[in-house]
Each structure stands twice: as structure tokens, then as C-alpha cells.
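Written out below as C-alpha cells is the structure these notes cover.
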Protein chains: 2
Amino acid sequence: MAGDKGPRRAPQEAVRAVREDIIRGVFAPGARLTEDALAARYGVSRVPVREALRVLEAEGFVEAKPYVGVFVRELSEAEAEDLLELRSVIEPMCAARAARNRTPEQLGRLKELVNLGWDAVRDGRLEEVPRLNSRFHEVIAEASGSEVLGQLIRQLSQKIAWVYAVGLTLRAEDSWREHEEILAALAAGDADRASGLVGQHILRATTAYRRRVRDPIG
Amino acid sequence: MAGDKGPRRAPQEAVRAVREDIIRGVFAPGARLTEDALAARYGVSRVPVREALRVLEAEGFVEAKPYVGVFVRELSEAEAEDLLELRSVIEPMCAARAARNRTPEQLGRLKELVNLGWDAVRDGRLEEVPRLNSRFHEVIAEASGSEVLGQLIRQLSQKIAWVYAVGLTLRAEDSWREHEEILAALAAGDADRASGLVGQHILRATTAYRRRVRDPIG
DNA sequence: GGGCGAGGGAGTGTATACGAGAATGGTGGC
DNA sequence: GCCACCATTCTCGTATACACTCCCTCGCCC
């Protein structure tokens, strides 16, 4: 292979890498992921990549169509809401167990993450927030001591980080498109249309903002 | 390959088959699953089997140790309780959406499943109950209209069916072991030990029974 | 000119082959 | 007689190779 810095277990790392890229928006929703491209990107053969893609399919990040390919799933608003609601229900259950089983070391890590999260929000480094968010939930999952809950919370927090990230980038994309439309309406001298577009624009930004800040750290 | 009745997609079927065998207890908790054996069992190569095992690992049915093998996971009582509690929390959320989105056809399927479940319980065909249970929850998940909730509920119901099935078989196994110990205590004339063992035996049987009948259909 | 069918290219699905690591059994030493 | 060390073997991990399917394009016929 290329770099050959891979020590012993490639597919697990591939899962992590691809999932990270999906969450970070490198692979946009609806994008097609070819095995060859991923194999080349990570410097391994197609076999580990295939296994990684199967895992990501089971986790719900991608969708595979036989003999066609795998595509990054597109989350609807409703599903994003479901994920957030799911977390709001499961997190207390997990926290209850964590309260009984947590170690002082885990407690310290959580406190550190909270501080880092607040700092990131205060300093406007919003791109770091989703990752800190995930870390926070993963530590809680680890502290719960339940492997079942841990696995579920980990997947949930990762998907929610994805929702946040997609929301941010999609928001930015939509923002620019709306700006363009507003400019067009202004250029055309269409006051009513421009007014309506600006109203929608503000409403959408507010909605996105509320979703984003409702629970900025964890 | 052997039978070669496989139409087009092998690994997906392999996931289903292996998971079914795990749930049915063909592969007991802690058992080692070798890729070659599974490949031979299903008449395919190791590649689809590996992908299937990765999926099952992501779903939490098996645990893989690098260069050693995959083992069927052993669920503790606490984790079983967590699964049941998880379902009791998630199911209402899913049902709320299903109440809004269900089709009459789905409603009919649910009613039929309930009838089948009651019949099975009344007639003492308990081995059919877990499967009917899973089906019931899967239809609810389908009716919710949320892909995210659907996937989660499906995995949950399958794992709970596993818990029930394992509980039944393990219970039978433990029962026989306890019987043996009780017999040994009786043969040795150890009244206190025999009394204690019988007490534990009844207690365990009661607990298992309560877990089993608390929610026999859905 | 438009619709339809065949052919080529791209990419997935699967099998086979080979290398790496770990569990196991035998052997030698203490 | 027991323990440690080493070789064997079994299995996993990965790469390579080939077959099958889908899609797109080009050519033909209506």
C-alpha cells in the first residue's frame, strides 16, 4: 500500500475516518461514495473500505443500493428533531447510571469538556462545538457502565453532531442562495418580493439559531 | 459455491441468517464464530461473512477481537434491564408518530399480530412469542414514518427478542445445573445447603418468569 | 428527427491467495 | 515434576483478480 503507517487494524480506522468526513461535511448528503476513491484516499484495499461502509450503513450514515453504490443519507428536518428528542429522553437514563458508576477521573474529563465548550461558544469557535458535544456525551456513555447504553449514546451523539454540522453548512449554503434571491428582487425593484424573502430569511436563520443554541454544549 | 440459490445479495442475507441463529440460540453467548465455519454454513466466501460480522458487531450482537475472532456477546442482567427500559421509553415516542402516520393496512397487521400473540401465549407456544414480539415492534417502527426511529426500534426489538430467548434457554440450562446442585446437596445430607439452593432456585425462576410475563406480547 | 436496442465503460459483488498475529502443544531446562 | 521457551498451526487481515450488474452512449431503424 501507500503510506503503510497502518499498524494492524485498518477497517476500524476507516469507519472512523469516513464517518468523521461525513460529519465534517467533506462528503455532503446525497453524495456518492465509491469504494475505489475511499480506498485510495485511505491508502488501503477495497476490502476494509467495504466493511467500513457496511458498518456506516448499519449506523445509518449511508445507504447502499445493490450494484449501484453507497450514498450519504439525507436527514430530513423531522428526523433531526427525532434525533434530538431521542437524546433528550435517553440522556437522563444514561446520566442516572453514570451518576452511580462514574469515576472521579471521568468527572474531571466532563468538567474539562464543559469548560472547553463554554470557551468555544464565547469565543465564537462554533466549528469546534459539535465535536466537544460528542465527546461530552461519549464520556457520559462510558461512565454509565452499560455497554448497551454506551453504544447507543455514542451513535446518537455522532449523528446529532452530524445534524448540527449539516445544519451549519446547509444554513450557510441556503443563506447565500437567499442573499442572491434577495439581491435579484432588489435589482428588479420588486419591493414586495424582497420584503417577503428577507422575512423568510430571518425566520429561517432564527430557527436554525434556536436549534443550534438550544443545547450548545451538551 | 454449494447450493447457489443465492440470487444477488449474499451479505445482507448472511446478516439476517447469523442474527437469527444468535437470537434462536444456535450460537450461544460467548461462543466463538469462525469465518470459515459461517462461510461453509451459508455456502459463500469469507468476504460476505466478514461484512456480515462487522454489521452484527456494530449492532452489538457480537464482539470482535483482532486476530482472534468474533464472539457472541454475553448480556448481563443489567443490560437486559437497560434494553427493556430503553424500549419502554422509546416505544411511546415511536407510537405517537405511528398514531399520526399509520395506514389502515398497518393497523390491520398490528391487530393480527396481537391476536397471534395472545393465541400463542394462551396455547403455551412460548417459543413463537419473541418473534411475534419483534414483528409487532417492527411494524410500529415502520408506521412511525421516521427512518431514524425505525432503524433504532428494529435493532432494539431484535435485541430484546434475543434477551427473551436467551433468558428462556439460559434459564433452562441454569435450572438443570441448579437441580444437579440440589441433588448433590440432598445426596450429601446437607439440609442447610439444600434449603438455600432451593430458595435461590425459586427466586431465580420467579424473576425470570416475571421478566417474561411482564410484557408477553408487546 | 425521434425512439429503441445493443455495446462499452464504470463500479460493485465475490472468490481466491498470501501474509501476520495469536493460541497451543511439545521440548528442554531447572 | 513443574515451568519457561519455542515451533507449529489455526485463524484473522488484506491484497489481488475476476464475474456480474447497471448506466450511458452511440448507432440503427422506424
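Note that these values count all heavy atoms, side chains included, but never hydrogens, waters or copies made by symmetry. Since the model is a prediction, treat every value here as computed from it, not as a measurement. Each chain gets a letter, A, B and so on, in the order its sequence line appears, and its residues count up from 1.
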- Begin from the C-alpha positions of B:R19 and B:E59 and carry the test salt bridge (Lys or Arg N to Asp or Glu O under 4.0 Å) through to its verdict. CA-CA 10 Å; B:R19 183 168 46 206; B:E59 289 181 356; 2.6 Å; yes
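Within a 6.0 Å radius of CZ in B:R125, other residues, nucleotides and ligands contribute more than 12 heavy atoms.
Atom CD in A:E63 sits about 16 Å away from atom C1' in C:dT12, given to the nearest Å. Protein atom NZ of B:K65 is 18 Å distant from nucleotide atom C1' of D:dG13, rounded to whole Å. Rounded to a whole Å, the CG atom of B:L33 is 16 Å from the C1' atom of D:dC10. Rounded to an integer number of Å, the gap from CD of B:E35 to C1' of D:dC10 is 12 Å. Residue A:Y42 contributes atom OH, which lies 17 Å from atom C1' of D:dA15 at whole-angstrom precision. We find that CG of B:D36 is positioned 17 Å from P of C:dT14, with the value rounded to whole Å. The distance from atom CG of B:L38 to atom C1' of D:dC12 is 13 Å, rounded to the nearest whole Å. For A:Y67 and D:dT21, the OH to P distance is 6 Å, given to the nearest whole Å.
Under the side-chain hydrogen bond (donor to acceptor under 3.5 Å, both in side chains) criterion, B:E20 pairs with B:R131, not counting sequence neighbours. Checked against side-chain hydrogen bond (donor to acceptor under 3.5 Å, both in side chains), B:E142 has the following partners two or more places apart in sequence or in another chain: B:Q106, B:R109. In this structure, the side-chain contact (heavy atoms from CB on, under 4.5 Å) partners of B:E79, at least two apart in sequence or on a different chain, are A:S146, A:E147, A:V148, B:R73, B:L75, B:S76. Applying the side-chain hydrogen bond (donor to acceptor under 3.5 Å, both in side chains) criterion to B:E85, with sequence neighbours excluded, gives A:R97.
Between A:R32 and B:P66, the residue anchored nearer the 5' end of DNA chain C, judged by the nucleotide with its closest heavy atom, is A:R32.
A salt bridge (Lys or Arg N to Asp or Glu O under 4.0 Å) check over residues 33-46 of chain B, counting only residues at least two apart or in different chains, returns the pairs B:D21-B:R41, B:E35-B:R46, B:E35-B:R50.
Within 4.0 Å of A:T34, counting heavy atoms only, lie sugar-phosphate atoms of the nucleic acid but no base atom.
Of all the residues in residues 46-54 of chain A, A:R46, A:R50 reach under 4.0 Å from DNA chain C with at least one non-hydrogen atom.
Relative to the side chain of B:S45, the nucleotides C:dA22, D:dA15, C:dT16 differ in distance, and C:dT16 lies closest.
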